[in-house]
Number of protein chains: 2
Amino acid sequence: MKDNNDMPGHLARRFQQIAVAVFLAEVGEAGFDLTPVQYAALATIKANPGLDQITLAGLIAYDRTTITGVVDRLVQKGLAERRASRRDRRARELVITDEGSRTLRKITPAVESAQAIMLRGLSSKEGEELMRLLRKAIAAGNELSRAPMRDAQAQDR
Amino acid sequence: MKDNNDMPGHLARRFQQIAVAVFLAEVGEAGFDLTPVQYAALATIKANPGLDQITLAGLIAYDRTTITGVVDRLVQKGLAERRASRRDRRARELVITDEGSRTLRKITPAVESAQAIMLRGLSSKEGEELMRLLRKAIAAGNELSRAPMRDAQAQDR
DNA sequence: TGATATTGATCAGTATGCTGATCATCAGTA
DNA sequence: TACTGATGATCAGCATACTGATCAATATCA
């Protein structure tokens with residue numbers, strides 16, 4: 001009888017569950033209130049100022065309907081801004097605020113600490129190997145979810 | 001600058017996202033409407049007939065408040081039953097129905113196929129290694145989430 | 001140009017997952 | 001036995017994620 005622990009899907013859920021808990025604990029202890037999802041979105045907005053929501057969703061592989069709520073909360077917290085695009089009036093351009101930049105900078109140690117803690121059972125070589133295998137499996141399965149990863153397209157067509 | 005792809009937490013989310021999508025696709029194509037979470041719960045009820053919800057939650061590491069809804073849906077679909085326990089009137093004893101057993105049996109090929117698909121980018125040796133590393137990281141982090149894994153306790157105290 | 005298809009964003013609805021609270025019941029102890 | 005703390009279950013509220021729909025705006029092509 002196949003056990004749950006032989007199912008990669010179950011192990012994936014479990015590891016993710018721990019990863020989220022560790023992230024929230026570390027970031028919370030540092031005095032910030034930001035989820036892993038919000039952090040990834042904010043960091044990606046900072047790295048790609050002015051990108052629209054679809055591009056943001058593609059870069060971090062979020063569903064397009066999820067990104068709306070995530071950006072809502074970033075805006076509500078004053079960490080990012082949503083502006084109407086002049087190039088395409090359907091689109092919203094996203095930029096990080098000063099407050100958002102400050103938060104990102106101050107939160108970095110907690111985020112790095114969280115990444116270390118979730119791998120604390122592994123040697124550093126094993127941690128590297130785990131990440132390599134995850135990246136490889138993800139690359140092969142990228143198109144299988146509704147929210148595949150997409151590179152940013154040049155925005156000045 | 002650290003990329004999202006260097007973050008185990010991000011990779012975990014991404015892999016899990018693909019795993020869920022693959023599971024739903026395979027199971028759906030086989031004609032069933034069952035989520036990964038519902039599947040794991042149902043299989044665990046079958047393997048431990050009469051267990052209470054807290055024990056079930058512990059065996060598969062679900063939060064206790066999540067299990068209520070999951071069991072609700074299994075019951076609503078006629079796959080499991082919730083009975084008052086005579087040993088402890090606070091507790092609900094869970095049992096699988098005949099329909100539930102039938103469903104589990106018929107769904108197995110789709111579930112196994114899903115597990116294979118989510119690892120399709122890896123050699124079988126790499127797949128094994130990924131599972132080993134996940135299990136190891138999970139074991140070390142078990143207590144860090146609100147819903148750690150717990151063995152079943154003897155129920156006849 | 002005008003019809004059609006596509007695209008960016010949002011919404012309603014559903015299913016996980018969590019925090020923190022409440023309620024009933026049980027267990028252990030004074 | 002009465003009190004106290006622990007436990008099983010549920011609830012309200014919030015944040016991801018998804019399906020499928022809708023709407024406005026853009027792109028494409030006959």
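Excluded from the calculations below are hydrogen atoms, water molecules and symmetry mates; all remaining heavy atoms, backbone and side chain alike, are included. So that the names make sense, note that chain A is the first sequence line, chain B the second, and so on, each numbered from 1.
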At 4.0 Å (heavy atoms only), tell me whether [X] reaches a base, stays on the sugar-phosphate, or touches nothing.
X	answer
A/A147	sugar-phosphate
B/T35	sugar-phosphate
A/R64	base
B/R13	sugar-phosphate
B/R146	base

Among [options], which nucleotide has an atom closest to any side-chain atom of [X]?
X	options	result
B/R92	D/dT10, C/dC18, C/dT10	D/dT10
B/I54	D/dT10, D/dT16, D/dA9	D/dA9
B/Q17	C/dA15, D/dA17, C/dC18	D/dA17
B/R82	C/dA9, D/dT10, D/dG8	D/dT10
B/D88	D/dT10, D/dG8, C/dA9	D/dG8

* Asked: Does the distance from a Lys or Arg side-chain N to an Asp or Glu carboxylate O, for B/R132 and B/E129, drop under 4.0 Å?
  ->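 Salt bridge: yes.
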* Charged N to carboxylate O below 4.0 Å: is that the case for A/R102 and A/E99? ->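 Looking at A/E99 together with A/R102, the answer is yes, because their closest N to O distance falls below 4.0 Å.
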* Asked: Is C/dA30 paired to anything, Watson-Crick or G-U wobble with both distances less than 3.5 Å, and if yes, which nucleotide?
  ->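 The answer is D/dT1, by the H-bond criterion.
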* Do B/R90 side-chain and D/dT7 base share a donor-acceptor contact under 3.5 Å? ->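 It does, because a donor-acceptor pair links the side chain of B/R90 to the base of D/dT7 below 3.5 Å.
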* To do: Evaluate the side-chain proximity of A/K136 to B/E126: yes if any heavy-atom separation is below 4.5 Å, no if none is.
  =>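 Yes, close enough: below the 4.5 Å cut-off.
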* Asked: Are A/R83 and A/V95 close enough that some pair of their side-chain heavy atoms sits under 4.5 Å apart?
  ->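 They are in side-chain contact.
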* Starting from the 5' end of DNA chain C, give me the residue, B/S145 or B/Q76, whose nearest nucleotide shows up first. =>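 Counting from the 5' end, the first nearest nucleotide belongs to B/Q76.
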* Asked: So, is A/T65 near the phosphate of C/dC11, with a side-chain N or O under 4.0 Å from OP1 or OP2?
  ->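 No, outside the criterion.
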